[in-house]
There are 4 protein chains.
Amino acid sequence: MTEAPVRRRDRERTRSELLRVATEAFAEFGYDGTKVDEIAERTHTTKRMIYYYFGSKEKLYIAVLENAYRGIREAEQSQHVGDLEPVEAVRRIAELTYDHHRNHTDFIRLVSIENINHGRFIRRLDSLRELNQPALGLLEDVLERGRLDGSLRSDVDSIDVHLMISSYCFFQVANQHTFGYLFERDLMAEDRRDHYRDLIGDVVVAWLSR
Amino acid sequence: MTEAPVRRRDRERTRSELLRVATEAFAEFGYDGTKVDEIAERTHTTKRMIYYYFGSKEKLYIAVLENAYRGIREAEQSQHVGDLEPVEAVRRIAELTYDHHRNHTDFIRLVSIENINHGRFIRRLDSLRELNQPALGLLEDVLERGRLDGSLRSDVDSIDVHLMISSYCFFQVANQHTFGYLFERDLMAEDRRDHYRDLIGDVVVAWLSR
Amino acid sequence: MTEAPVRRRDRERTRSELLRVATEAFAEFGYDGTKVDEIAERTHTTKRMIYYYFGSKEKLYIAVLENAYRGIREAEQSQHVGDLEPVEAVRRIAELTYDHHRNHTDFIRLVSIENINHGRFIRRLDSLRELNQPALGLLEDVLERGRLDGSLRSDVDSIDVHLMISSYCFFQVANQHTFGYLFERDLMAEDRRDHYRDLIGDVVVAWLSR
Amino acid sequence: MTEAPVRRRDRERTRSELLRVATEAFAEFGYDGTKVDEIAERTHTTKRMIYYYFGSKEKLYIAVLENAYRGIREAEQSQHVGDLEPVEAVRRIAELTYDHHRNHTDFIRLVSIENINHGRFIRRLDSLRELNQPALGLLEDVLERGRLDGSLRSDVDSIDVHLMISSYCFFQVANQHTFGYLFERDLMAEDRRDHYRDLIGDVVVAWLSR
DNA sequence: AATGAATGAGGGTTCATTCAT
DNA sequence: AATGAATGAACCCTCATTCAT
């Protein structure tokens with residue numbers, strides 16, 4: 001049959017379409033809130049295909065999670081601050097992290113959902129830990145440079161710095177609804193974006209520089 | 001029969017037991033992940049009573065959410081830092097907030113869940129915004145004192161400070177599973193509790209003092 | 001206690017209010033479609049009172065049915081055609097019946113509902129058969145007069161005449177929704193009322209007179 | 001296996017069996033009185049299949065209603081009176097309508113039920129109005145013929161004639177229980193069938209001929 | 001005479017998944 | 001490799017009614 005190559009191309013296309021649609025759905029509704037039928041309806045194929053390609057809702061979700069982390073890691077690799085002085089580099093990392101989070105709300109929500117699930121599924125993704133984490137490596141390099149030239153404190157752990165920056169950036173996206181409602185302040189407002197980006201930069205620099 | 005008063009007391013007891021059990025269930029499984037039957041089974045009454053007292057799963061969840069926020073607000077009111085110098089007071093606020101979050105993981109999870117729900121339910125709780133927010137009031141007082149005596153920067157907004165502290169504290173609890181797994185670091189480990197409490201204090205002081 | 005008479009008045013008032021509200025509800029929603037809660041909500045008392053006064057939904061419905069028939073019989077008794085010639089009297093009976101049906105749609109609907117129920121409940125109302133049926137008595141008198149003076153056919157049964165007239169009048173009210181929709185003709189339109197009243201009069205006169 | 005074709009055939013068979021059983025059930029118990037479980041139990045399949053094929057109880061009922069009307073319209077098409085003189089033709093139409101109603105009590109009851117529902121569902125069946133109504137067409141033809149040869153009155157509307165005949169025939173079936181009980185007369189008794197058929201013929205002829 | 005509290009039994013519906021080719 | 005048909009098990013919720021003074 002001459003359809004074979006076409007089939008093959010469809011095969012990959014179908015799979016990746018399912019993955020894309022499932023990512024949107026899980027990010028929007030959570031794990032339990034997402035219905036397999038709902039995903040199928042947003043697709044050009046049928047529900048049956050989800051089982052054909054992924055086996056179960058759980059496995060589809062795990063594929064979505066892995067895919068999302070992989071995409072994020074790849075995006076992080078494009079970050080470069082090597083040509084900046086350590087203090088400015090650390091500020092830049094905070095700012096890049098901020099923008100990065102704001103630009104990947106689906107990913108943030110998936111991480112939130114996974115934590116609601118007590119991290120039940122991420123544990124099955126050994127590959128994730130093995131993927132080196134560019135963001136952390138970058139930070140370690142800068143902190144080391146700062147230590148050597150005396151511009152940054154030497155008594156902080158890179159993971160703690162990452163934690164501080166991530167917490168702030170994550171919260172803005174993940175908790176925007178409750179925080180926005182309770183304090184009548186839209187954390188995602190475009191006209192406050194610069195302000196919030198500067199803020200984490202200022203804090204980190206104030207904390208780390210000496 | 002002497003059971004009459006018991007029965008009458010049961011009314012309030014049944015309602016509050018349902019609320020308590022439901023809080024645990026929703027915090028553990030999320031909104032969609034929680035089954036009404038499941039709540040009933042953990043109770044001494046029947047599923048029917050949930051509908052008798054609360055009307056629907058949704059209304060029960062909203063009652064849980066309101067109750068959780070109310071409890072937190074009350075707990076916040078017991079915080080006092082009035083006798084400390086501004087710099088130390090601001091450090092203390094950060095530390096109290098940290099402990100506060102660690103001690104109320106159910107509440108943190110409910111907030112996470114509510115955000116996954118796009119804050120759909122919290123909007124129905126007008127009362128929440130009207131409840132004054134003690135944590136914020138305390139912070140405003142301290143920042144004002146610091147402004148007056150020159151010990152703290154005068155160009156920061158109290159909500160931004162609250163945001164920074166909250167982000168850090170929230171993340172530790174809310175994202176412990178993914179962060180813990182990926183960085184092989186248990187953020188909730190008891191022997192690192194002091195370290196993480198000091199950390200947010202240091203950061204805030206470094207940021208705000210002058 | 002001086003409240004006794006007040007109580008007694010309330011008692012009757014409560015019972016008759018329940019009956020009135022239940023009549024409306026059953027007529028609107030049918031037997032199964034009517035919820036005991038729904039009736040209670042439209043009342044100034046509680047659902048519990050329905051059981052107190054009537055014992056069950058079924059018994060309430062039966063009370064409604066009996067009450068409705070009793071009201072109709074009473075209304076029929078006010079009809080008089082004794083001073084008209086037989087032919088005109090029979091026409092008048094048809095016309096009065098027509099108006100009578102149009103003015104008692106709740107009753108019509110209750111009868112329809114009872115037939116949907118295969119007449120399950122009306123059979124328990126022995127009293128109904130014993131109540132003499134004024135409409136039929138009136139008709140018998142007129143037919144007898146017509147027989148005697150030769151103005152009306154003598155070979156028809158009064159129940160058959162009653163059946164013919166009732167069928168027409170009943171249908172107009174009972175089937176107005178399907179007929180109105182299918183033939184795009186509103187049988188209850190006020191501006192066609194005279195036409196439809198005349199029609200049954202014409203038919204009956206054409207049939208019976210000689 | 002030889003069951004393959006059987007399975008495929010089952011699809012249509014299952015659907016039509018559900019429709020048939022549902023028709024009986026709705027006609028017997030009314031819309032609210034019919035339980036989905038009940039329908040399923042009278043079937044060789046499960047309750048789940050009702051939702052698979054029809055989506056909801058409401059949609060099943062609508063399918064039943066449409067199907068019933070469609071069957072009636074088809075049955076009406078087999079009526080022929082073209083070779084009779086107008087007067088006899090109009091009598092024949094009345095008689096055919098009478099038998100037609102007596103032979104389709106399920107349909108009559110469904111129409112009654114639909115009217116108790118205020119015609120809520122029939123309005124969704126646009127198709128019904130578009131289906132030409134053979135009974136009415138037939139009547140129009142005959143009235144026109146009678147007008148031309150002077151044997152029938154020319155001042156009556158075909159829909160009014162249809163209304164008169166339908167009312168009588170419908171009532172006999174629809175109200176048999178209350179009428180039968182109150183007047184101790186079984187309208188459906190086989191030995192009175194001819195009498196009641198003749199009766200509507202006589203009335204219509206007396207009314208329309210001249 | 002009157003009533004607030006409680007409830008067992010079922011109601012319609014949806015879910016993720018498997019059957020059978 | 002791909003798919004249309006079918007489904008058991010739950011799920012949230014409502015019903016008429018009774019309990020216990």
Side-chain angles (χ1 to χ4, degrees), chain A residues 1 3-4 6-8 10-11 14 32-40 45-60, chain B residues 1 3-4 7-8 10-12 14-15 32 34-40 45-60, chain C residues 1 3-4 6-8 10-11 14 32-40 45-61, chain D residues 1 3-8 10-12 14-15 32-40 45-60:
Chain A
M1 267 189 275
E3 286 186 309
V6 176
R7 281 276 172 87
R8 185 155 301 138
D10 282 353
R11 178 169 175 76
T14 298
D32 291 301
T34 297
K35 310 305 169 197
V36 176
D37 282 281
E38 173 72 16
I39 296 174
T45 58
T46 67
K47 176 169 62 163
R48 191 61 190 72
M49 287 299 94
I50 290 171
Y51 289 87
Y52 186 64
Y53 283 110
F54 295 95
S56 72
K57 177 183 177 180
E58 201 170 296
K59 285 179 188 158
L60 172 59
Chain B
M1 266 190 273
E3 286 188 315
R7 285 210 124 249
R8 185 152 302 132
D10 273 353
R11 177 157 178 79
E12 310 252 319
T14 298
R15 210 194 111 97
D32 291 299
T34 297
K35 311 303 169 195
V36 175
D37 283 279
E38 173 72 15
I39 296 175
T45 58
T46 66
K47 176 170 60 164
R48 186 62 190 73
M49 287 296 92
I50 290 172
Y51 291 89
Y52 182 62
Y53 283 110
F54 296 95
S56 71
K57 177 182 177 180
E58 200 170 298
K59 284 179 187 158
L60 173 59
Chain C
M1 265 189 277
E3 285 186 310
V6 177
R7 279 273 171 88
R8 184 155 302 137
D10 283 353
R11 179 170 173 76
T14 298
D32 291 300
T34 296
K35 311 304 169 195
V36 176
D37 282 281
E38 174 70 15
I39 296 174
T45 58
T46 66
K47 176 171 59 164
R48 191 66 190 68
M49 288 300 91
I50 290 172
Y51 288 88
Y52 186 64
Y53 284 108
F54 296 94
S56 71
K57 177 183 178 180
E58 202 170 296
K59 286 179 187 158
L60 172 59
Y61 171 80
Chain D
M1 267 188 273
E3 285 189 315
V6 175
R7 283 209 127 250
R8 186 153 300 132
D10 273 352
R11 179 158 178 76
E12 309 252 321
T14 298
R15 211 193 108 98
D32 291 300
T34 298
K35 310 305 168 192
V36 176
D37 283 279
E38 173 71 16
I39 297 174
T45 58
T46 67
K47 177 169 60 159
R48 186 62 190 72
M49 285 298 92
I50 290 171
Y51 291 88
Y52 183 61
Y53 282 111
F54 296 96
S56 70
K57 178 183 176 179
E58 200 170 298
K59 285 180 187 158
L60 172 58

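Reminder, nothing fancy here: chain letters follow the sequence lines and each chain counts from 1. These numbers were taken from a predicted model, which means no experiment stands behind them. Keep in mind that the numbers below use all heavy atoms, side chains included, and drop hydrogens, waters and symmetry copies.
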Point to revise | Strand partner of F:dC15, provided both Watson-Crick or wobble distances fall under 3.5 Å | key: E:dG8

Check your understanding: Base, sugar-phosphate, or nothing for C:Ser56, non-hydrogen atoms under 4.0 angstrom?
Key -> sugar-phosphate

Exercise for review: Grab the NZ-C1' distance between C:Lys59 and F:dT17 for me, whole Å please.
Suggested key: 12 Å

Practice item. Please assess D:Lys57 against D:Leu60 for the test side-chain contact (heavy atoms from CB on, under 4.5 Å), listing each intermediate value before the final yes or no. Key: CA-CA 5 Å; D:Lys57 178 183 176 179; D:Leu60 172 58; 5.6 Å; no

Review point. To the nearest 0.5 Å, how far apart are OH in D:Tyr52 and OG1 in D:Thr45?
Key: 12.5 Å

Review point. Starting at CZ of B:Arg15 and ending at P of E:dA5, how long is that distance when rounded to a whole Å?
Key: 13 Å

Check your understanding: What integer distance in Å separates D:Asp32:CG from F:dA16:C1'?
Key -> 15 Å

**Study point:** Heavy-atom closest contact (B:Ile50 atom, B:Ala40 atom, distance)
**Key:** CD1-N, 4.2 Å

**Study point:** Heavy-atom closest contact (A:Phe54 atom, A:Lys59 atom, distance)
**Key:** O-CB, 3.1 Å

Review point. F:dA1 pairs with which nucleotide, Watson-Crick or G-U wobble, both distances below 3.5 Å?
Key: none

Revision key, fill the gap. Nearest-nucleotide check on DNA chain E, C:Met49 vs D:Lys35; residue mapping nearer the 5' end is C:Met49

Study note, to complete from the structure: Regarding the side chain of C:Val36, the nearest nucleotide among F:dC11, F:dA16, F:dA2 is F:dA16

Exercise for review: Give C:Thr34 one of three labels, base, sugar-phosphate or nothing, depending on what nucleic acid heavy atoms sit under 4.0 Å from its own.
Suggested key: sugar-phosphate

Check your understanding: Taking atom OH of D:Tyr53 and atom CD of D:Glu12, what is their separation to the nearest 0.5 Å?
Key -> 8.5 Å

Study note, to complete from the structure: When rounded to whole Å, the CD1 to P distance for the pair C:Ile50 and E:dA2 reads 15 Å

Exercise for review: Using whole Å, report how far CZ of C:Phe54 lies from P of E:dA1.
Suggested key: 16 Å

Revision key, fill the gap. Between NZ of B:Lys47 and C1' of F:dT14 the distance, given in whole Å, is 11 Å

Exercise for review: Specify the residue among C:Tyr51 and D:Thr46 whose closest nucleotide of DNA chain F lies further upstream toward the 5′ end.
Suggested key: D:Thr46

Check your understanding: Can you check the D:Glu38 CD to E:dG12 P distance for me, whole Å?
Key -> 10 Å

Review point. Closer to the 5' end of DNA chain F via nearest nucleotide, is it D:Arg48 or C:Asp37?
Key: D:Arg48

Practice item. Identify, between B:Tyr52 and D:Lys57, the residue whose nearest nucleotide on DNA chain E lies closer to the 5' end. Key: B:Tyr52

Check your understanding: Between C:Tyr53 and E:dA2, does any side-chain N or O lie under 4.0 Å from OP1 or OP2?
Key -> yes

